[in-house]
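Single-structure report; data block below.
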Amino acid sequence: MRGSICARSCRGGASSASPASASASALAACTAVGNAAASPSATGAATPSPTPTPTPTPTPTATAPLPAGEIPDETAGPYPGDGSNGPDVLEQSGIVRSDLRSSIGGGATADGVTLQFTLRITDMANGDTPFAGVAVYAWHCDAQGRYSMYSSGVENESYLRGVQVTDADGQVTFTSIVPGCYSGRWPHIHFEVYPSVDAITDSANAIATSQLAFPESMLGGVYALPAYDGSAANLAGVTLASDNVFGDDGGALQVATVTGDASSGFSAMLVARVDTTTAPTGGSMPGGGPGGR
């Protein structure tokens, strides 16, 4: 490239000078052009290369180690909103979404500390390969421990509920808030896994129903905030060991890996191994405590 630029410059500068001076001028011109081409601030030297269009940074693949066993089957609780006990958000247009903070189609937006949580689903029946193409329905309570579609004051809301389809890495990622702690239960997120997005209209199609738990270390700063009034006292009355869902093993396969803080928000991730060769035992729940299970 430099040779062709120099040649053009030399030919353009030799018309009226002596051969010796022309050679000197040509050499100087070549040197100047060479330096200008190397300098990004030079004008008129060389046509600048077009700036490439930035490529969006892909969502990183979760890299947590594979859990020791299948994700435990757990109750969907009394407030699933999946049609199994009345209200059915899975029939609503717009339920497939990644941001759960607002009600579908408008309405209230849940207040609280931002939480981005990722579930990576693996297919145990096929060597724990990523379970691509399955639909994951996730839901949880708000900062006050209320469940949309059920609890007093939010019966007509549908926030903190949504469905995503797993990508090639078996992952879904939702943006939500850290749930509050209501009496009798450790803070958690419910989720159901369906074989496809077309199957979500019938809760009986779920191939796994479980819950994600949070490590205690992240909760103190969150529950000190005014939006979470009452959660700190409720958390003081329960442990992972005493919880009626996680208590059998302390949530060994269900406690998420979490980073972040109460001021900037949190990211949580859980790997859930699903075995389609076993019959699901979770799902229905006839009752529950003040906030349900």
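Here the structure is a predicted model, which is why all the values come from computation and not from measurement.
- Within a 6.0 Å sphere centred on CD of Gln92, other residues, nucleotides and ligands contribute more than 12 heavy atoms.
- Ring pair Phe246/His188 is perpendicular by interplanar angle, where above 60° counts as perpendicular and below 30° as parallel.
- When each of Val178, Leu235, Leu115 is tested with Val222 by the rule side-chain contact (heavy atoms from CB on, under 4.5 Å), just one qualifies, namely Val178.
- Take Glu70 and apply the side chain to side chain contact (heavy atoms under 4.5 Å, CB included) test, not counting sequence neighbours, and it matches Met124, Asp275, Thr278.
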Enumerate, atom names and distances included, each donor-acceptor pair closer than 3.5 Å involving a side-chain atom of residues 249-261, sequence neighbours excluded.
from	atom 1	to	atom 2	distance (Å)
Asp249	OD1	Gly251	N	3.0
Gln254	NE2	Glu74	OE2	3.2
Gln254	NE2	Ser210	OG	3.3
Gln254	NE2	Gln211	O	3.1
Asp261	OD1	Ser263	N	3.0
Asp261	OD1	Ser263	OG	2.7
Asp261	OD1	Ser264	N	2.7
Asp261	OD1	Ser264	OG	2.8
Asp261	OD2	Ser264	OG	3.3

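- Among pairs with a residue in residues 225-239, those fulfilling side-chain hydrogen bond (donor to acceptor under 3.5 Å, both in side chains) read Thr239-Ser242, at least two apart in sequence or across chains.
- Counting heavy atoms from C-beta on, the side chains of Asn85 and Tyr150 come closer than 4.5 Å.
- Asp243 is linked by a salt bridge (charged side-chain N to carboxylate O under 4.0 Å, His left out) to Arg185, counting only residues two or more places apart in sequence or in another chain.
- Remark: Ser203 engages Asp82, Ser84, Tyr194 in a side chain to side chain contact (heavy atoms under 4.5 Å, CB included) (not counting sequence neighbours).
- Within the model, atoms CD of Gln171 and OG1 of Thr122 stand 11.5 Å from one another, a figure rounded to the nearest 0.5 Å.
- A pairwise comparison of heavy atoms in Ala199 and Asn205 identifies O-ND2, 3.0 Å as the closest pair.
- The shortest non-hydrogen separation linking Pro130 to Gly170 is CB-N, 3.6 Å.
- In this structure, Leu160 and Cys141 approach most closely via the heavy-atom pair CD1-O, 3.4 Å.
- Sorted by first then second residue, the side-chain hydrogen bond (donor to acceptor under 3.5 Å, both in side chains) pairs that include residues 129-139, not counting sequence neighbours, are Tyr137-Arg161.
- Using a 4.5 Å heavy-atom threshold, the side chains of Ile189 and Phe174 count as separate.
- Here Asp167 contributes atom CG and Arg120 contributes atom CZ; the two are 10.5 Å apart, rounded to the nearest 0.5 Å.
- Contact record, Asp73 with Ala208: OD1-CA, 4.3 Å, taken as the closest heavy-atom pair.
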Inset, instruction - Might you work through the side-chain hydrogen bond (donor to acceptor under 3.5 Å, both in side chains) test for Ser98 and Gln164, ending with a clear yes or no? - result: CA-CA 6 Å; Ser98 60; Gln164 283 278 284; 4.9 Å; no

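- Of the options Asp99, Thr109, Ile177, Asp142, a side-chain contact (heavy atoms from CB on, under 4.5 Å) to Tyr159 is made by Asp142 and by none of the others.
- Pro179 and His140 make their closest contact through CB-ND1, 3.5 Å (heavy atoms, listed as atom of the first residue, atom of the second, distance).
- Listed here is the closest heavy atom pair of Ser158 and Ser103: N-OG, 3.0 Å.
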